Amino acid sequence: MPEEAGFPPAKRFRPGCGPPGGRVLMLLTAGSGSGGRRQQPALAQPAASPYPEAVERQRRSLPIFPARGQLLAQLRNLDSAVLIGETGSGKTTQLPQYLYEGGIGRQGVIAVTQPRRVAAISLATRVSDEKRTELGKLVGYTVRFDDVSSEDTRIKFLTDGMLLREAISDSLLRKYSCIILDEAHERTVHTDVLFGVVKAAQRRRKELRKLPLKVIVMSATMDVDLFSQYFNGASVLYLECRQHPIQVFYTKQPQQDYLHAALVSVFQIHQEAPSSQDILVFLTGQEEIEAVSKTCRDIAKHLPDGCPSMLVLPLYASLPYAQQLRVFQGAPKGCRKVIIATNIAETSITITGIKYVVDTGMVKAKKYNPDSGLEVLAVQRVSKTQAWQRAGRAGREDSGICYRLYTENEFEKFEKMTVPEIQRCNLASVLLQLLAMKVPNVLTFDFMSKPSPDHMQAAVAQLDLLGALERKDNQLTLTPIGRKMAAFPLEPKFAKTILLSPKFHCTEEILTIVSLLSVDSVLYNPPSRRDEVQAMRKKFLSSEGDHITLLNIYRTFKSLGGDKDWCRENFVNSRNMMLAAEVRAQLRDICLKMSMPMVSCRGDVESIRRCLAHSLFMSAAELQPDGTYTTTDSRQPVAIHPSSALFHCRPACVVYTELLHTSKCYMRDLCVVAAEWLYEAAPDYFRRKLRATRD
DNA sequence: GAGCACTGC
């Protein structure tokens, strides 16, 4: 059982973690101090407030408010700044308004980027409410499939991926006077690429004597040295924040079995704490979560009298939306909610009423192996920042308690920060986008955290195979095909598949398949109903592989007009299906803009398989005499994933869309092809491969 | 022979 380790830090921000001296450092304190207001420029505070009293009172009560004047005074004169403040400080909703009200950045649009769509939408809604304007006028948002902004929009919330896409058509980001990169500590690929793009735009605009671009990086963590250094020693502004104290307990001994330890902790808390206090448990994945949920429910049935009842709720991304929503509903009186979640509850979903966090210290995450060039999905230790993020989920409304199922000594050995995603993923898309922006010397692009040269080289090789690259004067540039590929919001290989499809007269079919592959799985697989699922799926299964199976499902779905009951009966995730339809429409639009012919091969499935063979030839595997498979590219042993339509078959030659390294190296989404099609697709490539095997 | 962290364009 976890035991108190005598470490109740009231705040995770300890003095002394700040940046080294030499830079402007402002301590903005919340609370009763009115220090900031004296310096407030006259312009910033209108004589008669346009806000109704309640909204105004609420805005004034935010921790950021007393610092308003100081903030504006500082930001007015800075090109770049880093603003540190916890969630709840009001920085994201207030800062853009302060800038606008203070007349900063009025010559253009103030952009605020977010890693997630829902955040961009809800923030824009909040801020436009506060400004008493119609959403899409003064305040708007732009996310994929949804643009609620206009000529009048001056404060625009967008996903970081969306701003990146805008940078392809205008790398100087001319419409923006100020770009606020929010949630920078999350270090998503998109934010990381934006850092470089925005920095370059800022410099270039200065050189060209155009409207200056103000860049503000907002982060929740104190580890800002990197941000500040990267933006030419930008000033760091600290926003002190109200935070509820969180008591942290460690186990006395390292735990062999974190699942068992989690169960013990949950029931220990359950027997001691008032039933109104909910528990959030962090585990690593769907299967584990479902298993632990079941055990919890079983144990809860046999508790002694007087013990409160327990409502156990699993939470992970592939759970149907309706079931996800249940975590927000209050439990009946006298009943405790126990939410068992993946890291989705670390950032994406915030649940109120959590008093206890049980942190196993484990997470399932992608790792990149530059030697093999493979992405591996593996259960591993969280980083310290991640552990603090999890603990913080206990103190959203009141003081909280976090049980860490590892010792303090173990914690000290955790990595300080999570490795930024850009160093853990395939860089082909990133490289293609940078090249589309005509970034000079892409291989030495100014990333905040540089990926290894091997890693970059692997992306170059992949784009090269797809025919996207050419070299001019020792510079990498895009071929006409490469430029077209960059227009699609897809992995480069899928963009290439679409571009090849007219040659095989199957553009309509390929659009469907690529759309289905680019959303989360439309196949819903509840582990407890495996047999039922298999029986229902049988009627769609194609012996030619998963792509054709998916096409069959989509066609049936469409012919029934997108029937939700049909989806439920057939274990099809209707949300993802609708999303795929939306993606398809978007991709089709892009094709039409390129004047691609919209052709269908109708019943001729072979053309589809030929098209896939021609675009995915570098992801192929051959059956060996011993019944196993080996990839043609790196002669790696691989297996057919159990979820595949081909799991029980042994075709001689397949292409796959994804390699997944778990207990084995699995191929996912397979299509049966003929070996000669592959040779036809890339004769030079296969000659090289053959030579390599002979040597 | 038996399994799928999380975002996003």
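No experiment lies behind these values; they were computed from the predicted model shown. Atoms considered below: every heavy atom in the structure, side chains included; atoms not considered: hydrogens, waters and symmetry mates. In what follows, chains carry the letters A, B, and so on, assigned in the order in which the sequence lines appear, proteins first and then strands, with residues in each chain numbered from 1.
- A straight line from CD1 of A/Ile340 to C1' of B/dA5 spans 17 Å, rounded to a whole angstrom.
- Side-chain proximity of A/Arg117 to B/dG1, B/dT7, B/dC9: nearest is B/dC9.
- Across the interface with DNA chain B, nearest-nucleotide mapping of A/Glu287 and A/Pro489 shows A/Glu287 to be the residue nearer the 5′ end.
- Closest approach to the A/Leu377 side chain among B/dG3, B/dG1, B/dA5 is made by B/dA5 (side chain taken as heavy atoms from C-beta onward).
- Ion pairing of A/Glu186 with A/Arg116 is present here, as a side-chain N (NZ or NE/NH1/NH2) and a carboxylate O approach within less than 4.0 Å.
- For the pair A/Glu582 CD and B/dG8 P, the interatomic distance rounds to 13 Å; values are reported in whole Å.
- Taking the side chain of A/Gln286 as heavy atoms from C-beta on, and the options B/dA5, B/dG3, B/dC9, the nearest nucleotide is B/dA5.
- Atom OH of A/Tyr666 and atom P of B/dG1 are 11 Å apart (whole Å).
- A/Asp147 and A/Tyr141 share no side-chain donor-acceptor pair at under 3.5 Å.
- The separation between A/Ile349 atom CD1 and B/dA5 atom C1' is 13 Å, rounded to whole Å.
- Atom CG of A/Leu623 is separated from atom P of B/dG1 by 14 Å (rounded to the nearest Å).
- The distance between atom CD of A/Glu491 and atom P of B/dC9, rounded to the nearest whole Å, is 15 Å.
- Looking at the side chain of A/Lys364, the nearest of the listed nucleotides B/dA5, B/dG1, B/dC9 is B/dA5.
- Contact annotation: A/Tyr316 does not reach the phosphate of B/dC6 (side-chain N/O to OP1 or OP2, under 4.0 Å).
- Side-chain proximity of A/Phe647 to the nucleotides B/dG1, B/dC6, B/dG3 is greatest for B/dG1.
- Distances from the side chain of A/Gln534 to the nucleotides B/dA2, B/dT7, B/dC9 place B/dA2 closest.
- A/Leu660 comes within 4.0 angstrom of sugar-phosphate atoms only, judged by non-hydrogen atoms across all strands, and of no base.
- Counting any heavy atom pair closer than 4.0 Å across all strands shown, A/Arg116 reaches sugar-phosphate atoms only and no base atom.
- In this entry the distance linking CZ of A/Phe282 with P of B/dC6 reads 12 Å, nearest Å.
- Using a 4.0 Å heavy-atom cutoff across all strands shown, A/Thr159 reaches sugar-phosphate atoms only and no base atom.
- Comparing atom distances between the A/Pro642 side chain and each of B/dC6, B/dG8, B/dG3 picks out B/dG3 as nearest.
- Using a 3.5 Å distance cut-off with no hydrogens or angles, the side chains of A/Thr628 and A/Gln624 do not pair a donor with an acceptor.
- If you check every strand for non-hydrogen atoms under 4.0 Å, A/Val379 touches nothing.
- Among the atoms of the strands shown, only primed sugar atoms or phosphate atoms (P, OP1, OP2) are found under 4.0 Å from some heavy atom of A/Ile344.
- Using a 3.5 Å distance cut-off with no hydrogens or angles, the side chains of A/Tyr176 and A/Glu166 do pair a donor with an acceptor.
- Taking the six-membered ring for Trp and thresholds of 30 and 60 degrees, A/Phe414 and A/Tyr406 have ring planes inclined between 30 and 60 degrees apart.
- The side chain of A/His648 lies closest to B/dA2, out of B/dC9, B/dT7, B/dA2.
- For B/dC6, the OP1/OP2 oxygens have a side-chain nitrogen or oxygen of A/Thr342 closer than 4.0 Å.
- A/Glu421 places its CD atom 14 Å from the P atom of B/dC9, with the value rounded to the nearest Å.
- You'll find that the side chain of A/Ser643 is closest to B/dG3, out of B/dT7, B/dG3, B/dA5.
- A donor-acceptor contact under 3.5 angstrom links the side chains of A/Thr188 and A/Asp160, judged on distance only.
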